[in-house]
J.: 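Handing you a structure now.
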Amino acid sequence: MIDERRRLPIGVQSFVKLREGGFVYIDKTRYIYELTRKSTQYFLSRPRRFGKSLFLSTLKAYWEGRRELFTGLTIAELEKNNAEAWQPYPVFYFDFNKDSYQRNGALEDVLDEHLRGWEEFYGGKQGQTLGGRFRSLLQRAYEKTGRGCVVLVDEYDKSLLEVMGDSELEEHNKAVFKGFFSTLKSYDQYLHFVFITGVTKFSKVSIFSDLNQLDDITMKPAYAGICGITEQELLAYFAPEIKNLAAAQQLTEEDCLVSLRQMYDGYHFALRSQGVYNPFSLLNAFDSEMIGAYWFATGTPTFLTKQVKQVQLEASRFTNGNIYATEALMTDYRVDNPDPVPLLYQTGYLTIYNYDARRQRYVLGFPNDEVKYGFLSSLLPVYTPASTAARGTDIFTVDEYIENGNIYGVGDIFKALFAGIPYTADDAPFEHYFQSVIYLVFTLLGRYVHCEVHSAKGRADCIVETPEYVYLFEFKVGKSAQEALAQIEEKGYADAYKADKRKLYKIGVSFDGEKRSLEEWEVRE
């Protein structure tokens, strides 16, 4: 049987390939029309695999005058009465995606490779500095074509993000950028349009201090949907895929949409803007007909999770909606700033929930379940290296024990987790470890069973419910497990379950702060 499913552009970053290959294309060309009629130099920050490269490739085709590729798209209609449209301009497209920068000279090699290709066409001198060669190219291209140059820079910050932790190489790459892209300021008369993309906006990087005329559209509501997939686009472009996925998952189409929203929607890149879906995960879900963690599976930088632990950022704040930041903090990242929040926002692990106008601060949190559970799963082994599937101390084993009523098995896992916590003189206090590990384990467990972690008076510290069991947990630091059980009885935490036919367990847990260990695990039925 021939597979009649449509071609989905998973990993396709070339607009030419996408259009000529018959892939599904979400028409974003109205943004190009708007951008080319306003400012002439832009910067856009978006998380990885969010469509930045495809948008930049679309810009390249537009400025090269590839009119045939835009047939049937919005911009073709908008430009139909514009006699100046579709004129080819000299385009200098810098793609920093395809190389690794973890060696000396890698950035210079990438720049040299780009320049040599253009020098073969426009002419140039090899003996000059990289910046000098670029200036020469801009001038020659302008003189040869009679038109200003278009400069497109894709993922400018890859050479900086990859070497974070190597201060020497990082400073070197910053200096290379300064010597090269400062050209864009001094040779402005030869430029027609500039568009730079990246994941982060590194403060104190000369590409921004030198190019103070760059229009940063990252948090402007008008461009909130420039990358990613909006709800309207999802319904308009992917009706067949929604139907197929729903059938494969044995869901109604409406229930399928609910699952997709919960898993992949929720990114807000401006205040009061429409939410967008992660395009990489959404397309992969349609292709595989499975709702999985595709974007997160491509890797989380370990320095992010380590930094969260290092600054003792409480894990519960991620899901309780009480992480705050100003716009300046969110849009400018300084390597010497230990606060991980700016980078967590810019890389897509946090998004905008709300805005406090009086205090002029944003409220941030996880955008969706893919990020929430993926990030917390990555954070758990940073706190407890003993949490591994090989040792049977992972969240899936906890779930298995909970589902089958093996509450003593759960106790053994917790003992192993706390016994495996490393200790150094500059480590966080035990209370931080205790709160974070408990919160992480039960929040992750909550993906599979009904699980709530409480701190309000009159409620058990944690309640876990399965189809056959109810577990009431009370945790104590520096007090006995018997005292924890006594509190469950005295406060009547089990009263709400008197008429419940499920088997109920009351669990008192005692932690020793000095030994940094779980000392007692007492169970009462």
J.: Answer with yes or no after comparing the ring centroid distance for Phe414 and Phe442 against a 6.0 Å cut-off, counting only values under it.
T.: yes

J.: OG1/Thr384 to CD1/Ile413 distance, rounded to the nearest 0.5 angstrom?
T.: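 Answer rounded to 0.5 Å: 11.5 Å.
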
J.: Centres of the Tyr349 and Phe318 rings: under 6.0 Å?
T.: no

J.: Parallel, tilted or perpendicular: which one describes the rings of Tyr156 and Phe177, with boundaries at 30° and 60°?
T.: perpendicular

J.: Only one of Phe43, Tyr223, Phe94, Phe55 forms a ring pair (Phe, Tyr, Trp, His ring centres under 6.0 Å) with Phe195, so which one is it?
T.: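 Output: one option passes, namely Phe55.
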
J.: Would you check, one step at a time, whether the test salt bridge (Lys or Arg N to Asp or Glu O under 4.0 Å) holds for Glu253 with Lys243?
T.: CA-CA 6 Å; Glu253 289 186 33; Lys243 182 178 181 179; 5.6 Å; no

J.: Would Tyr277 and Tyr264 count as a close aromatic pair, with their ring centres under 6.0 Å?
T.: no

J.: Taking the six-membered ring for Trp, are Trp295 and Tyr267 parallel (under 30°), tilted (30 to 60°) or perpendicular (over 60°)?
T.: perpendicular

J.: Walk me through it: do Asp394 and Thr397 pass the test side chain to side chain donor-acceptor pair (under 3.5 Å)?
T.: CA-CA 6 Å; Asp394 58 311; Thr397 306; 2.6 Å; yes

J.: As an exercise, state the distance from OH of Tyr324 to CG of Leu364, rounded to the nearest 0.5 Å.
T.: 10.0 Å

J.: Would you please test Gln482 and Gln487 for side chain to side chain contact (heavy atoms under 4.5 Å, CB included) and show each step?
T.: CA-CA 9 Å; Gln482 287 298 321; Gln487 182 171 324; over 6 Å; no

J.: What distance do Gln249 atom CD and Asp255 atom CG have between them, rounded to the nearest 0.5 Å?
T.: 12.0 Å

J.: Check whether more than 12 heavy atoms from other residues, nucleotides or ligands sit under 6.0 Å from atom NZ of Lys415, and answer yes or no.
T.: yes

J.: Is the gap between the ring centers of Tyr448 and Phe396 under 6.0 Å?
T.: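 Yes, they do, as the ring centres are separated by less than 6.0 Å.
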
J.: Using the ring of each side chain (for Trp, its six-membered ring), is Phe181 parallel, tilted or perpendicular to Phe96, with breaks at 30° and 60°?
T.: perpendicular

J.: Per the ring pair (Phe, Tyr, Trp, His ring centres under 6.0 Å) rule, which among Tyr362, Tyr345, Phe50 passes with Phe269?
T.: Phe50

J.: Any ion pair linking Arg5 and Glu289 (charged N to carboxylate O, less than 4.0 Å)?
T.: yes

